[in-house]
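One structure is given below, encoded as structure tokens.
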Amino acid sequence: MGANESKGSQGVTDNAANNVAQPVETTSGTAPRETNARQINESIRQNKTVKGKISNDANKSKANERPKLPTHAETNEDERSPEKANTNDGDDKTVSSYAAKMKDQGHGKKSLKKGEIPEPIPQKQTKQVFLHGINFDVVDRHALTAPKSLLEGTFWELVQYLTGDDVFDDLVRVRAIYRWITSYDVQTMEIATTPVPDTPLEYFSKIQCDMGNLANLFYILCTMAEVPCKVIDGITKNEDYDLGEPETPELKAQWNAVFVQNEWRLVDIFWAKWCVNLNSGEDDESLSTRSIQRIGHDDDADEEYFFTNAEDLIWTHYPDEDKWQLLKDNMSKVEFFKRLYVRERSREMGVTYPQNNILVKVVEGQAEFKLHFPQVRGQNYHFKHNFIRTIPEGDTARKLDKILHHFIMFERHDESIHFMFNIPVLGKFRVNVFACDPGTEGLEKFDLICSFVVLSTHLAKECLPLPDYPKLGWGPNKVSRRLGLVPITHEESSIYTATGILDIEIEGRQELRLEMKLLNPFVDSANMSKYAMLYWNQGKYIVRTRLPHQGIYGLKFFTRNTESMEQENVLNYLIHCSMKKGEVQCLPNIAQDNLGPHPTIERLGIAANMHENGYIIAKDGHTHIDFMTKSDVDLVGELHSNDPSAVPRMRVNQYRKNQKQAFAIDVPVRGEYAFNVYAIKKDEPEKLNNAYAFLINSHGRHIEVGTLNNKTLENSKNFWKHTKEVKAESIVTTDTEISIPVPRGIDILTAFLQKADRSEPQNSQSIQRYTEKGIDIYKVTLEDLGDYIFNIFQQENKFLRLVSRYIITRNDKEEELEEDAKEVLQIIKEERENAGTDVSDLERHINDSRLKNFVDVDKRIEAAQMLTEALKSNNPQLIRQALSEYQYNKPEKDDDLLRNSKKKIRKLEAKYGMYSYEPVRTKE
């Protein structure tokens with residue numbers, strides 16, 4: 001049986017062999033198929049000798065008895081355990097006492113003539129008011145522990161057990177019937193033998209064969225219990241519903257209205273049990289409501305579909321007869337299909353929507369959508385979403401469908417969420433929003449709250465992808481507020497700059513030790529640390545940016561779990577830079593995501609005695625930093641500047657006395673310098689621990705002509721004289737081992753590998769160095785999937801100089817490598833060209849963008865080996881050909897292999913002539 005309680009495919013047939021009278025199918029589809037309890041009585045009287053039935057006299061006898069809880073109910077003849085049923089901790093231990101209590105409280109039924117169906121009128125009370133103070137635990141336990149033998153008994157026996165005669169009021173009767181039906185999973189129930197005719201089990205088998213349905217079963221039992229009930233024909237937004245599309249025959253369904261306490265209440269047994277299973281939103285590529293299902297609850301059922309408010313059910317159920325809407329102001333079918341697709345989780349969490357239209361308006365490619373939730377209770381809510389393009393029938397998914405998350409952003413406020421879309425192409429798009437409330441039982445897991453359609457008929461002028469799509473959204477959020485992070489300079493999620501230079505201040509506690517990452521889809525992430533820095537000063541965190549060019553940047557803040565050291569995202573900003581020309585000089589090489597101490601430093605017992613926040617002003621070019629350390633820890637330093645005129649004059653002296661280690665730094669040229677401090681434990685020499693990062697702002701000083709730091713040039717030695725801007729490169733691989741060429745012409749190199757989140761020390765154990773065909777190579781082992789940093793340093797005594805840096809991403813072999821920004825734009829360009837739209841702006845971005853500098857290290861090594869072999873041949877033509885291949889891989893200008901190859905070509909061509917020569921053969 002499908003997820004639609006359809007009257008067309010699952011209604012009871014007119015088969016005369018059915019001894020239990022069934023509702024009659026009408027040809028018009030507007031009148032319900034109802035059964036009068038008298039028909040069932042007649043059927044039973046005509047078959048009083050049939051096995052499994054009771055005689056007329058037996059019925060009379062039972063009718064005169066006051067129903068009691070059957071003694072065999074405690075033996076658990078059913079497969080369902082009474083332990084799973086609801087329990088009541090109060091004094092009402094029997095259904096009889098509970099029913100009497102309900103009568104005493106005024107829950108009696110209105111006197112109606114037998115078979116009378118009151119006219120439907122709008123509901124006067126909400127469900128919450130109607131059931132206020134009522135506890136169904138005793139009734140539910142009674143229904144859930146019904147003996148299994150009742151399945152093969154008569155309907156009368158079942159009704160008498162569930163409701164009793166003259167004891168239970170209508171509310172108790174209806175509740176018992178509802179819980180008994182929903183306690184069985186009819187869809188998966190195994191019925192091994194042919195059931196006894198005219199029994200509940202036989203009707204279950206008919207439901208499995210699409211010859212009956214739950215709405216009719218509920219109607220039969222309520223009618224036999226003399227509770228006015230109605231089978232409502234109509235349509236529902238079930239699994240076959242296509243958002244924003246008109247009615248189809250597959251949407252036809254049935255549900256019930258039951259008359260209790262002088263008011264009609266709505267019940268949908270099918271949706272309560274099976275139709276709306278939990279959808280966590282994990283399948284982002286789901287394009288239909290077939291995934292929108294709720295977990296089957298075994299003995300449980302969804303209370304949202306028992307006595308549902310008419311104003312709530314109308315979101316998903318539309319009756320054929322307007323009067324059964326039970327609303328003061330009826331809704332038209334056109335309006336019903338225009339309404340936002342809202343699920344019961346919205347009601348459970350108190351989520352509301354200012355915009356009720358399922359179609360979100362798109363203006364020049366841009367659209368917005370908002371939802372609201374309770375401010376206090378909602379602080380614990382979690383939300384997520386997916387953004388999907390509806391694929392026309394017969395069409396196939398396109399590349400664009402996998403990158404749509406780059407074009408949606410959302411902001412979370414105290415009591416609302418704001419979605420913003422920048423649609424890059426034409427088409428129909430679907431947005432599913434999911435929510436959960438970890439603090440409320442039954443709402444702990446994500447479930448769908450609403451869906452809507454975004455229809456793009458006019459393209460946006462700008463269609464650049466966002467740099468990221470964080471789960472927290474953009475701007476201040478519940479996590480940042482909980483941590484006490486208060487924006488000082490920029491309160492909105494988006495920040496705008498025309499120069500690329502920003503100071504962003506956020507109030508926050510130092511012990512949070514915030515870390516930061518800057519993102520841009522058109523700038524290699526390996527180099528982004530050069531364009532922003534973070535430090536703490538006097539109760540606030542300060543971010544200073546030097547954005548390299550115009551575009552959209554993501555600024556993400558993190559804290560670390562003190563035990564696992566894993567990063568947790570706490571705050572995000574979008575920075576829109578409109579700088580047209582020119583570039584801002586980037587920052588020197590800062591070895592970690594923030595100035596000051598690294599979050600793991602406490603494990604090593606290291607503390608700076610000064611400049612704790614990592615920002616230093618050297619007024620005359622001199623500064624001094626000292627640390628308290630344990631005796632088994634050595635500190636090493638790295639000084640860096642991007643200014644070629646400053647590099648020859650940089651000096652550092654280090655000294656140690658007992659547990660104190662210090663660095664005296666001399667940077668006489670005005671400008672910015674980075675000084676990174678690393679720690680090495682004596683018993684773990686293979687590990688290089690990030691300790692501190694400092695940014696030194698030197699005011700400089702006058703230096704006499706012909707001297708270096710006021711010392712003669714002849715007697716001065718500078719370890720950092722070859723320091724230059726380090727341009728990191730990115731490698732993407734699916735292999736567990738990769739090879740990286742060793743930088744040439746540099747002595748005493750050491751290499752370390754580190755997880756990109758820097759939660760663990762840099763380590764050299766997974767690195768091996770070897771020589772193959774005259775080329776030195778590092779073999780690097782990547783044990784886990786994820787991002788790594790591979791650093792190559794030159795080392796001298798207690799100092800390091802960064803020579804090369806690689807950002808390595810290892811993906812799963814089955815996982816498709818994520819598209820870079822250029823591919824995203826290329827995909828959009830193709831779609832826009834097909835739509836006949838101008839793409840010149842996109843072409844400019846594709847050609848001018850600074851994309852990730854992905855390198856093929858294997859080809860680089862192979863080219864170096866070919867050139868090395870060519871040099872042995874003494875053949876200028878062969879050397880020149882190999883040199884051309886080597887230069888294609890962009891070696892450094894001072895690369896010794898490059899320099900030696902050019903030098904040898906000049907010698908050979910001078911010796912043998914430019915165009916005619918005899919190859920020189922070397923001796924065997």
Side-chain angles (χ1 to χ4, degrees), residues 529 533 535 587-592 594-598 600-601 604-618 621-643 646-657 659-669 671-682 684-685 687-698 709 716-724 726 746-752 754 758 761-762 764 791-803 805:
S529 62
M533 69 172 183
Y535 66 98
L587 296 165
N589 175 51
I590 299 172
Q592 58 192 48
N594 61 294
L595 298 180
H598 189 269
T600 62
I601 198 63
L604 299 173
I606 302 172
N609 293 329
M610 56 188 68
H611 311 302
E612 177 70 16
N613 65 1
Y615 187 72
I616 302 173
I617 297 178
H622 291 288
T623 189
H624 179 270
I625 312 171
D626 62 65
F627 302 86
M628 295 302 297
T629 64
K630 295 181 179 180
S631 58
D632 64 339
V633 174
D634 287 329
L635 299 183
V636 295
E638 176 203 4
L639 184 61
H640 186 267
S641 171
N642 291 322
D643 185 355
V647 168
R649 300 177 183 273
M650 301 188 310
R651 294 292 184 275
V652 180
N653 288 323
Q654 183 189 28
Y655 60 89
R656 178 170 189 163
K657 185 177 182 180
Q659 292 185 336
K660 182 178 180 180
Q661 299 185 54
F663 298 90
I665 303 171
D666 188 9
V667 282
V669 178
E672 292 179 329
Y673 302 78
F675 187 67
N676 301 304
V677 180
Y678 305 93
I680 301 176
K681 295 185 69 173
K682 293 181 179 179
E684 295 178 335
K687 294 182 180 180
L688 184 68
N689 297 271
N690 292 80
Y692 278 82
F694 299 91
L695 184 74
I696 303 171
N697 186 348
S698 173
N709 295 19
S716 177
K717 182 180 179 181
N718 183 4
F719 172 63
W720 288 284
K721 64 183 178 181
H722 297 300
T723 297
K724 56 187 175 183
V726 178
I746 304 176
D747 298 329
I748 317 178
L749 289 174
T750 182
F752 295 92
Q754 182 181 36
R758 296 186 174 93
Q762 302 184 52
S764 61
N791 290 322
I792 303 175
F793 296 96
Q794 183 183 15
Q795 184 174 7
E796 182 179 291
N797 297 324
K798 299 295 183 179
F799 300 113
L800 297 173
R801 181 176 72 86
L802 183 64
V803 176
R805 170 176 289 169

Margin query: Using the rule given for side chain to side chain contact (heavy atoms under 4.5 Å, CB included), can you reason through Glu672 versus Leu587, listing the C-alpha separation, both sets of side-chain angles and the distance that settles it, and then say yes or no?
Written below: CA-CA 7 Å; Glu672 292 179 329; Leu587 296 165; 3.5 Å; yes
Notebook entry, point to check: Side-chain contact, heavy-atom cut-off 4.5 Å: Phe663 with Lys798?
Noted result: no
Next item on the list: With rounding to the nearest 0.5 Å, note down the distance linking CG in Asn676 to CD in Gln592.
Entry: 7.0 Å
Item checked: From Ile625 atom CD1 to Asn609 atom CG, the distance as rounded to the nearest 0.5 Å -> 11.0 Å
Item checked: His624 and Met610, any side-chain heavy atoms less than 4.5 Å apart -> yes
Margin query: Looking at every non-hydrogen atom in both residues, tell me the closest pair between Gln794 and Phe719 and how far apart they are.
Written below: O-CZ, 3.5 Å
Margin query: As an exercise, state the distance from CG of Leu639 to CD1 of Ile696, rounded to the nearest 0.5 Å.
Written below: 6.0 Å
Check: Heavy-atom distance under 4.5 Å between the side chains of Leu604 and Lys630, does that happen here?
Finding: no
Checklist line | Least distance between heavy atoms, Ala751 atom then Ser764 atom | finding: O-CB, 3.4 Å
Check: Taking the side chain from Asn689 and the backbone from Ala679, do they hold a donor-acceptor pair closer than 3.5 Å?
Finding: yes
Checklist line | Value rounded to 0.5 Å, distance of CG in Leu800 from CD1 in Ile792 | finding: 13.0 Å
Next item on the list: Report yes if some heavy atom in the side chain of Tyr678 is under 4.5 Å from a heavy atom in the side chain of Phe752; otherwise report no.
Entry: no
Check: Does atom NZ of Lys657 have more than 12 heavy-atom neighbours from other groups under 6.0 Å away?
Finding: no
Notebook entry, point to check: Looking at Ser641 and Met650, what are the two nearest heavy atoms and their distance?
Noted result: CB-SD, 3.8 Å
Checklist line | Residue from Gln654, Lys681, Arg656 passing side chain to side chain donor-acceptor pair (under 3.5 Å) with Asp634 | finding: Arg656
Next item on the list: Take Ile606 and Leu635 through the test side chain to side chain contact (heavy atoms under 4.5 Å, CB included) and record every step on the way to the result.
Entry: CA-CA 10 Å; Ile606 302 172; Leu635 299 183; 3.9 Å; yes
Margin query: Can you confirm if the aromatic rings of Phe675 and Tyr673 lie within a centre distance of less than 6.0 Å?
Written below: no
Notebook entry, point to check: Atom OH of Tyr692 and atom CG of Leu595: how far apart are they, to the nearest 0.5 Å?
Noted result: 12.5 Å
Notebook entry, point to check: Got Leu695 and Tyr535 here, is their nearest side-chain heavy-atom distance under 4.5 Å?
Noted result: no
Check: Using a distance-only test with no angle check, is there a side-chain donor-acceptor pair under 3.5 angstrom linking Gln661 and Thr629?
Finding: yes
Next item on the list: Could you tell me which non-hydrogen atom of Ala591 sits nearest to which non-hydrogen atom of Arg805, and how far apart they are?
Entry: CA-NH2, 4.5 Å
Item checked: Interatomic distance, His640 atom NE2 to Trp720 atom CH2 [nearest 0.5 angstrom] -> 12.0 Å
Next item on the list: Return the minimal non-hydrogen interatomic distance between Tyr615 and Met533, and the atom names on each side.
Entry: CE1-CE, 4.1 Å
Next item on the list: Compare all side-chain heavy atoms of Leu688 with those of Asn791 and state whether any distance is below 4.5 angstrom.
Entry: no
Item checked: Closest non-hydrogen atom pair between Phe694 and His611, with its separation -> CE2-O, 3.3 Å
